[in-house]
Amino acid sequence: MLQGARVVLGVTGGIAAYKSIEVCRRLVDAGAHVQPVLTKGAGRFVGETTFSALASEPVRNSLWDEDDPIPHTTLGQGADVIVVAPATARLLADYASGRSNDLLTATLIATRAPVVICPAMHTEMWEHPAVQDNLAVLRRRGVHVVDPESGRLAGGDVGHGRLADPARIVAAVDAVLTEPDLAGVNVLVTAGGTREAIDPVRFIGNRSSGKQGHAIAEVAARRGATVTLVTTSDQPVTGPIEVISVVSAAEMHEAVASRSAQADVVVMSAAVADFRPVSVAGEKIKKSGGIPEIRLEPTVDILAELGGNKRAGQILVGFAAETTDVAANAQSKLAAKNADLLVANDVSAPSVGFEHDTNEVVIYGAAGTATEVALTTKVGVAERVLDAVLDLRLQSPAP
Ligand code: CTP
């Protein structure tokens, strides 16, 4: 977990150094204390002030620091994790051979913290046996490597060697710091708002972005769960997650119903339409035909159906986005749908719910518990919801 983690962010001299600014920002956003360490080469590509301002920490770049006579051991011993992004071929060679000729390489040798290396270089360099041998040495020593991706490289070339996406890098750092407390648990998550077609171009929908559900899926996967995500959202997902894309409530129902028997935990964070048009017009409804009358019929309440068929040990989590009487509505849904946990939020409050990156919720438990989660990121809410799931599993272990 990145919240409160002490992260040394090493930046070496490659064009991808500009992307490590985004890595720095994401680490800080996730609550980490980031100490940037730039090599001389990195300083030719990016400015120290950018990193200092983002991290609220002065950049370190010298072994000869007036205030700290042994900066490499101070940094190495104080870190929970060290991440180097981008890592050049030279950094890999120095680190693999144990050379400590600047602050970053000396810090890497002076630490017992886990290390995440994110190489970035031209394809020819990446494929060179010397680079691959150095990486093999580092991997054997337990260093975590976030492999580069294919795409556009400096100078307009296209090939393998581009620095991994910042989101992937931050997820990898988070994974290294995260205890796999959900290992062996099969988690099914739904996300996004369903769309109920009226005609080939129109639909009845809602404002759910899917961000909260995607965060739950990603955090569950990071915590070791086997995760299936049934989603209406096309936002990218980070981690080993099986993604099933759906559009309508009926498709979501089918996707969930065919997988729920294997799931130890089902998290229904999707905003599922309660009603859909009885029939879908085959052609676009024309204005000239007058005001259309669209008759609706109810959809299946997926959570209530799961609650009716719940097997022993299975945990069902519902969500409720409310604008009034949040507590009363949430508690009555919890009981009516036979859920174990109901996560309620007041979507009329600022920075809460739909489309935002933050959320503020209360997690109601079937045993009468109410856990308040103050305004935090959707990842933070995901952590707390999964903590509550874990607590339930520990109270009554699955048969
Ligand atoms: N839900 C569901 N299937 C539906 C409607 C809702 O599985 N057809 C689930 C949602 O995913 C959520 C929970 O039920 O986990 C509560 O959804 P919500 O829309 O808040 O409640 P409703 O029961 O639809 O009641 P209302 O819309 O009247 O508040």
Side-chain angles (χ1 to χ4, degrees), residues 2 22 25-26 29-31 165-168 170-171 174 187-198 201-222 227-239 241-253 255-256 266-276 299 301-303 317-324 326 329-330 333 341-363 373-386:
L2 283 163
E22 177 67 8
R25 190 190 67 82
R26 284 175 181 259
D29 283 354
D165 185 71
R168 246 185 81 209
V170 173
D174 203 353
V187 178
L188 177 60
V189 184
T190 65
T194 63
R195 292 177 170 195
E196 310 306 320
I198 296 171
V201 297
R202 302 183 181 91
F203 58 84
I204 298 172
N206 62 68
R207 290 177 50 205
S208 172
S209 61
K211 285 181 180 175
Q212 184 62 75
H214 281 225
I216 290 171
E218 290 179 352
V219 172
R222 204 183 307 133
V227 182
T228 305
L229 173 65
V230 178
T231 181
T232 65
S233 162
D234 54 11
Q235 62 174 295
V237 185
T238 310
I241 296 169
E242 186 194 5
V243 179
I244 316 289
S245 293
V246 295
V247 176
S248 64
E251 287 175 13
M252 185 168 279
H253 174 233
V256 171
V266 184
V267 184
M268 284 295 306
S269 50
V272 189
D274 292 326
F275 303 100
R276 65 168 170 240
T299 59
D301 189 320
I302 306 169
L303 181 59
V317 184
F319 270 68
E322 306 286 350
T323 53
T324 50
V326 180
N329 283 330
K333 280 176 194 175
L341 297 169
L342 204 300
V343 185
N345 56 2
D346 178 352
V347 285
S348 63
S351 307
V352 171
F354 298 138
E355 290 154 13
H356 294 291
D357 290 323
T358 49
N359 211 352
E360 183 179 27
V361 302
V362 181
I363 305 170
V373 183
L375 191 67
T376 181
T377 60
K378 288 192 169 172
V379 170
V381 169
E383 295 279 7
R384 299 296 300 277
V385 169
L386 292 167

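Since the structure is predicted, the reported quantities are computational estimates derived from the model, not experimental observations.
Pairing each heavy atom of Gly213 with each of Ala191, the nearest pair is CA-CB, 3.7 Å. Residue Glu360 comes nearest to Ala374 through the heavy atom pair CG-C, 4.0 Å, listed as atom of the first residue, atom of the second, then distance. The two residues Gly210 and Gln235 have their closest heavy-atom pair at C-NE2, 3.5 Å. Pairing each heavy atom of Ala255 with each of Val246, the nearest pair is CB-CG1, 4.1 Å. Gly318 and Leu303 get closest at one heavy-atom pair: CA-CD2, 3.6 Å. When every heavy atom of Ala271 is checked against every heavy atom of Ser208, the shortest pair comes out as CB-CB, 3.7 Å.
Taken from CG in Asp174 to CZ in Arg26, the straight-line distance is 12.5 Å, to the nearest 0.5 Å. Arg384 CZ to Leu386 CG: the interatomic distance, rounded to the nearest 0.5 Å, is 11.5 Å. Atom CD1 in Ile216 sits 14.5 Å away from atom NZ in Lys211 (nearest 0.5 Å). For the atom pair CD1 (Ile363) and CG (Leu342), the distance works out to 10.5 Å, reported to the nearest 0.5 Å. Separating the OG1 atom in Thr299 from the NE2 atom in His253 is a distance of 9.5 Å, to the nearest 0.5 Å. Rounded to the nearest 0.5 angstrom, Thr238 OG1 and Asp165 CG are separated by 7.0 Å.
Looking only at side-chain heavy atoms (C-beta outward), Val189 and Ser269 come within less than 4.5 Å of each other. Proximity of Val326 to Val362: side-chain heavy atoms (C-beta onward) are nowhere separated by under 4.5 Å.
With sequence neighbours excluded, no residue forms a side-chain hydrogen bond (donor to acceptor under 3.5 Å, both in side chains) with Thr232.
The environment of Arg195 atom CZ is sparse: at most 12 non-hydrogen atoms of other residues, nucleotides or ligands sit within 6.0 angstrom.
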Test log, rule side-chain contact (heavy atoms from CB on, under 4.5 Å), inputs Ile204 and Arg276: CA-CA 8 Å; Ile204 298 172; Arg276 65 168 170 240; over 6 Å; no
Determine, stepwise, if the pair Ile302 / Val272 fulfils side-chain contact (heavy atoms from CB on, under 4.5 Å). CA-CA 8 Å; Ile302 306 169; Val272 189; 4.2 Å; yes
Determine, step by step, whether Ile244 and Thr228 satisfy the side-chain contact (heavy atoms from CB on, under 4.5 Å) criterion, reporting the C-alpha distance in whole Å, the side-chain angles of both residues, the deciding distance to 0.1 Å, and the verdict. CA-CA 7 Å; Ile244 316 289; Thr228 305; 3.9 Å; yes
Run the numbers on Thr323 and Val347 for side-chain contact (heavy atoms from CB on, under 4.5 Å), then give the verdict. CA-CA 6 Å; Thr323 53; Val347 285; 3.8 Å; yes
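Between the Asn206 side chain and the Ala273 main chain, no donor and acceptor come within less than 3.5 Å of each other. Between the side chain of Glu196 and the backbone N or O of Phe275, no donor-acceptor pair lies under 3.5 Å. A donor-acceptor pair under 3.5 Å is absent between the side-chain atoms of Thr358 and the main chain of Leu375, judged by distance alone.
Applying the side-chain contact (heavy atoms from CB on, under 4.5 Å) test between Phe319 and each of Asn345, Val267, Thr190 identifies Val267 as the sole match.
Under the 4.0 Å criterion applied to side-chain N and carboxylate O atoms, Glu218 and Arg222 are not assigned as salt-bridge partners.
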